[in-house]
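Data block below; observations after.
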Amino acid sequence: MSLLRPFLLQTNCLGRYNTGMSMAENPSQRPLVVLRPQRGKASLNLLEIWQFRDLLTTLAQRDIKLRYRQTALGAIWVVFQPLLAAGIFSLVFGAIGKFPSDGLPYFLFAFAGQLGWGAFANTLTKSGNCLVQNSALVSKVFFPRLILPFSTIFSTLLDFGVGLVVMIFLLAINGINPGLAILATPLWLLALMALGLGLGLFAAALTVSYRDVQYILPVLIPLMMYATPVAYSLSAAPPKLAVILAANPIAPLIEGLRWSLTGRGTLNWLYVAYAVAFTLVILFLGMVYFRNMERRFADVI
């Protein structure tokens, strides 16, 4: 029996088989990674994202390359959409509604708000749909699923960068110098994208089990936009209504981004502190919820 021992098959914890020989005797054998579900903060393990950074960059590049491949206007859509929205807002809220615009041309005022809203909404939409759109990859290959929502950030950054170039051009035409306030632009952008990503993580995990979510988002996001000072300022609302609108955490962040881009308007730093705290909590809870639900993705999707 001892002579046969090296050739006896032993079953490991993953259901695979290997011989009783040592690794020195069997060089083809490789160490096995045992995957165990974890809950709570321990399930985050954000170091995995760095370990899979090549996959992260590959998915991000794929998203950017495929986005406008079969469109007639191509990347022009990145500029056309916020310009069209700003034009409509200028007509409705500026020319007809006579809303104040902090001393700015209303088109410029609305375009600055639209840039911030686009960063939030695009991050939420793309991250919320990332699992369903990559269902074949999720069900067949092991990798940290957080890679998928994080990979959508890069295309949003590209869109914002193109829009920012147009914004600088508009500022130059109108002779407006935002001053040192423009240096804070990356901070407002980071906060808006973090909030969109946090909500998107909840949406992505829920969409796997409830496909209704992917139909609710396109309806909910435009409604959220009108409850956010994108085309108007909080200062234009009555004081009591302004407090209610400021309870929307996106509102102070949009106002802050517009202040950075134009150097006009005033900020309520209490509202800003509330929005930043809310963003950090939502992002953390979104990642924890996503990772706790991750073990079900491959089976359910």
Side-chain angles (χ1 to χ4, degrees), residues 81-82 85-86 88-89 92-93 99-102 109-129 149 152-153 155-157 159-160 163-164 167 181 184-204 206 213 216-262 264-287 289:
Q81 291 175 342
I88 295 174
F89 290 153
V92 175
F93 293 94
F99 278 54
S101 58
D102 297 328
F109 175 86
F111 186 77
Q114 188 63 32
L115 282 183
W117 176 257
F120 165 79
N122 288 339
T123 304
L124 172 56
T125 302
K126 294 174 185 177
S127 59
N129 294 322
T152 64
I153 293 175
S155 60
T156 301
L157 284 173
D159 291 354
F160 183 85
L164 183 61
M167 182 69 192
T185 298
L187 299 178
W188 301 112
L189 174 62
L190 179 63
L192 284 165
M193 294 180 64
L195 181 57
L197 180 62
L199 295 175
L201 290 170
F202 281 107
L206 289 172
V213 177
I216 293 174
L217 279 181
V219 177
L220 182 62
I221 289 177
L223 295 178
M224 291 170 59
M225 183 179 65
Y226 289 103
T228 306
V230 176
Y232 57 88
S233 174
L234 284 177
S235 60
K240 292 183 179 180
L241 180 59
V243 173
I244 297 175
L245 292 174
N248 174 5
I250 316 171
L253 301 180
I254 294 285
E255 292 268 284
L257 180 65
R258 184 157 45 211
W259 168 78
S260 290
L261 292 175
T262 64
R264 306 290 179 86
T266 57
L267 293 180
N268 186 317
W269 293 104
L270 180 61
Y271 294 160
V272 171
Y274 153 74
V276 171
F278 186 93
T279 297
L280 294 176
V281 171
I282 286 295
L283 180 60
F284 175 76
L285 293 179
M287 288 192 293
Y289 180 75

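This structure is a prediction, so every number in the text was calculated from the model and none was measured.
- Separation of atoms OH (Tyr271) and CG (Asn248) is listed at 12.5 Å; rounding is to 0.5 Å.
- Residues Val272 and Trp188 have side chains in contact (heavy-atom distance under 4.5 Å, counting atoms from C-beta outward).
- Pro229 and Ile254 get closest at one heavy-atom pair: O-CG2, 3.4 Å.
- To the nearest 0.5 Å, the span separating CZ on Phe278 from CD1 on Ile282 amounts to 4.0 Å.
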* **Stepwise side chain to side chain contact (heavy atoms under 4.5 Å, CB included) test for Leu285 and Phe202** => CA-CA 9 Å; Leu285 293 179; Phe202 281 107; 3.9 Å; yes
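- To the nearest 0.5 angstrom, Leu189 atom CG is 7.0 Å from Leu257 atom CG.
- Minimum heavy-atom separation, Pro149 to Ser127: CB-CB, 4.0 Å.
- Within the 4.5 Å cutoff, no side-chain heavy atoms of Thr125 are placed close to those of Leu217.
- With rounding to the nearest 0.5 Å, the separation of CZ in Arg258 from CH2 in Trp117 is 12.5 Å.
- The two residues Phe89 and Ala110 make their nearest non-hydrogen contact at CB-CB, 3.9 Å.
- The only member of Asn122, Thr123, Leu124 that meets side-chain contact (heavy atoms from CB on, under 4.5 Å) when paired with Met193 is Thr123.
- By the 4.5 Å heavy-atom criterion applied to side chains, Leu234 and Asn268 are not counted as neighbours.
- The closest side-chain heavy-atom distance from Trp259 to Asp102 is not below 4.5 Å.
- Across Phe99, Tyr226, Phe109, a single residue satisfies ring pair (Phe, Tyr, Trp, His ring centres under 6.0 Å) together with Phe93, and that is Phe99.
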* To do: Begin with the C-alpha distance, continue with both residues' side-chain angles, and end with the deciding distance and a verdict on side chain to side chain contact (heavy atoms under 4.5 Å, CB included) for Gln114 and Met167.
  => CA-CA 11 Å; Gln114 188 63 32; Met167 182 69 192; over 6 Å; no
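- Put simply, CG on Leu197 and CG on Leu192 are 12.5 Å apart, with the number rounded to the nearest 0.5 Å.
- Without hydrogens or angle criteria, Thr228 side chain to Val230 main chain gives no donor-acceptor distance under 3.5 Å.
- Residues Ala227 and Leu245 come closest through the heavy atom pair O-CD2, 3.8 Å.
- To the nearest 0.5 Å, the span separating CG on Leu190 from CG on Leu195 amounts to 11.5 Å.
- Here the shortest heavy-atom pairing between Thr152 and Ser155 reads O-OG, 3.1 Å.
- The shortest distance between side-chain heavy atoms of Leu267 and Pro252 does not fall below 4.5 Å.
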